[in-house]
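Notes for the one structure printed next.
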Amino acid sequence: MSGTDEAPVYGRRTFLAVVAGGVSALWWGPAAVRVGQDLLLPVAQVLPPGVRELLPVGGWRIYTISGSLPPVDRTTWRLRIDGLVEQPIDLSYADLLRLPRAEQVSTFHCVTGWSVQHVHWAGVRFADLLALARPLPTAHALRFESAEQPYVDSLTLAQAALPDAMLAYGMNGKPLTRPHGAPARVVIPDMYGYKNVKWVRRIELVSEPLDGYWEQRGYDRDAWVRA
Ligand SMILES: Nc1nc2c(c(=O)[nH]1)N[C@H]1C(S)=C(S)[C@@H](COP(=O)(O)O)O[C@H]1N2
Ligand SMILES: [Mo]
């Protein structure tokens, strides 16, 4: 089941629910819009243009599923890369910084309708990260596990190889902050925010992609940002 497949459900009834009480949750709440089930609705699809324009653009909203931020200690933090690999590894934060540094400026889109333009990210391309562990031929996807349980998501190896996908440890010239997922988070600007797992502590190589936290709640596994 996917949110878009169920488009009729997000008709007038949904719009009224959003307008009647959902808008403040949508702006400030961790789980965005709730309509009966736990669904983070694509607001652009739900709201008529006049209301859509009222949505804030240009500012981050900090999302958690637990309502609290995982503790961050860069001196003890480890990133585990395991699963279908020749060599499972544990990287320290210093190890991560020693890998080839990639930088990019990209736009971040949440499926609920807000975006942040010109975000400057610094981090490591997945190819450089995975080269250390050497994925087996049977590995076709990455499963990202957050320190915030049970938040997980996955990308195919091909998606992770996109030129602007990375594991980011820096944002706008500073180390990634705790609310944004320190020490490291997934960045994949071509997909909606929910694929951009924060507080990543484990990357498991798996044979096929699997449903992440929001996908188990109805969102598309391939979360390509609509033009
Ligand atoms: N661990 C974790 N990662 C997460 C989320 C979350 O709730 N927990 N929310 C996702 C969603 S829906 C979005 S839009 C972005 C928001 O990133 P930000 O909190 O840095 O603004 O984080 C994504 N990664
Ligand atoms: Mo989101």
Side-chain angles (χ1 to χ4, degrees), residues 2-4 18 22 25-35 37-47 55-72 77 79-80 104 106-123 142-155 159-160 165-204 210-226:
S2 82
T4 45
V18 169
L26 174 73
W27 285 28
W28 310 113
V33 186
R34 285 163 190 272
V35 184
Q37 298 173 52
D38 235 359
L39 286 184
L40 193 74
L41 296 180
V43 165
Q45 286 173 30
V46 172
L47 300 183
L55 290 172
V57 171
W60 291 97
R61 273 139 211 76
I62 302 301
Y63 283 159
T64 71
I65 53 163
S66 57
S68 62
L69 307 174
V72 172
W77 179 81
L79 173 67
R80 175 90 180 151
Q104 71 190 45
S106 51
T107 301
F108 190 95
H109 300 277
C110 174
V111 72
T112 60
W114 57 267
S115 301
V116 182
Q117 293 183 353
H118 310 301
V119 188
H120 189 148
W121 298 106
L142 307 179
R143 174 184 177 273
F144 298 96
E145 191 179 292
S146 174
E148 185 195 31
Q149 289 181 320
Y151 205 98
V152 293
D153 213 315
S154 67
L155 295 175
Q159 292 164 353
M166 63 158 66
L167 187 74
Y169 51 69
M171 188 181 145
N172 298 332
K174 299 193 188 100
L176 194 64
T177 59
R178 188 177 170 202
H180 286 297
R185 77 177 298 165
V186 176
V187 169
I188 179 160
D190 299 324
M191 290 196 177
Y192 284 119
Y194 62 89
K195 305 293 288 189
N196 295 237
V197 179
K198 302 194 288 183
W199 308 293
V200 172
R201 67 169 179 199
R202 181 181 177 205
I203 302 177
E204 186 189 0
L210 34 93
D211 281 342
Y213 181 84
W214 282 113
E215 294 141 39
Q216 292 159 22
R217 287 156 182 79
Y219 282 84
D220 287 341
R221 199 189 275 165
D222 288 326
W224 302 112
V225 173
R226 285 151 200 269

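Both counts, for ligands and for their atoms, begin at 1 and track the order of listing.
- Neither the backbone nor the side chain of F144 comes within 4.0 Å of ligand 1, counting heavy atoms alone.
- Atom CG of D222 is separated from atom CG of D190 by 12.0 Å, given to the nearest 0.5 angstrom.
- For the ring-ring contact (aromatic ring centres under 6.0 Å, His included) test, residues two or more places apart in sequence or in another chain that qualify with H180 are W60.
- The ligand atoms of ligand 1 that sit less than 4.0 angstrom from a heavy atom of C110 are 14 (S).
- Between T112 and Y63, some side-chain heavy-atom pair lies under the 4.5 Å cut-off.
- Atoms of ligand 1 found under 4.0 Å from any heavy atom of I65 (numbered from 1 in listed order, with element): 7 (O).
- Polar contact check, E148 against ligand 1: a nitrogen or oxygen pair lies under 3.5 Å apart.
- Considering backbone and side-chain N/O atoms, Y63 comes within less than 3.5 Å of an N/O atom of ligand 1.
- Counting heavy atoms under 4.0 Å from ligand 1, residue N196 touches it through the backbone alone.
- Backbone and side-chain nitrogen or oxygen atoms of W60 are examined, and none is located within less than 3.5 angstrom of a nitrogen or oxygen of ligand 1.
- Distances below 4.0 Å separate heavy atoms of I62 from the following atoms of ligand 1: 19 (O).
- Residue contacts with ligand 1 for F108 involve side-chain atoms from C-beta outward but no N, CA, C or O (heavy atoms, distance under 4.0 Å).
- Under the 4.5 Å side-chain criterion, counting only non-hydrogen atoms from C-beta, L167 is in contact with V200.
- Interatomic distance, CD1 of I188 versus CZ of F108, reported as 11.0 Å (0.5 Å rounding).
- In terms of modelled atom types and a separation under 3.5 Å, the side chain of W199 and the main chain of R178 share a donor-acceptor contact.
- Remark: among candidates R61, H180, Q149, E145, the nearest residue to atom 20 (O) of ligand 1 is H180, based on non-hydrogen atoms.
- With a 4.0 Å heavy-atom cut-off, ligand 1 is reached by the side chain of R185 but not by its N, CA, C or O.
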Quiz: residues 145-153 side-chain donor-acceptor pairs under 3.5 angstrom, not counting sequence neighbours:
| residue | atom | partner | partner atom | Å |
| --- | --- | --- | --- | --- |
| E145 | OE1 | R143 | NH1 | 3.0 |
| E145 | OE1 | R202 | NH1 | 3.4 |
| E145 | OE2 | R201 | NE | 3.3 |
| E145 | OE2 | R201 | NH2 | 3.4 |
| S146 | OG | E148 | N | 2.9 |
| S146 | OG | K198 | O | 2.8 |
| E148 | OE2 | I65 | N | 2.8 |
| E148 | OE2 | S66 | N | 2.9 |
| E148 | OE2 | S66 | OG | 2.7 |
| Y151 | OH | Y194 | O | 2.9 |
| D153 | OD1 | K195 | NZ | 2.8 |

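- Residue S146 has at least one heavy-atom neighbour below 4.0 Å for each of these atoms of ligand 1: 1 (N).
- The closest donor-acceptor contact from the side chain of R61 to the backbone of G59 lies under 3.5 Å.
- Below 3.5 Å of separation, one finds no N or O of W199 facing any N or O of ligand 1.
- H118 is not listed as a side-chain neighbour of N172, based on a closest heavy-atom distance of 4.5 Å or more.
- The contact set between ligand 1 and W114, taken as ligand atoms under 4.0 Å from a residue heavy atom, comprises 14 (S), 21 (O).
- Between the CG atom in D211 and the CD atom in Q216 there is a gap of 6.0 Å [rounded to 0.5 Å].
- Under 4.0 Å from ligand 1, heavy atoms of Y194 appear from its side chain as well as its backbone.
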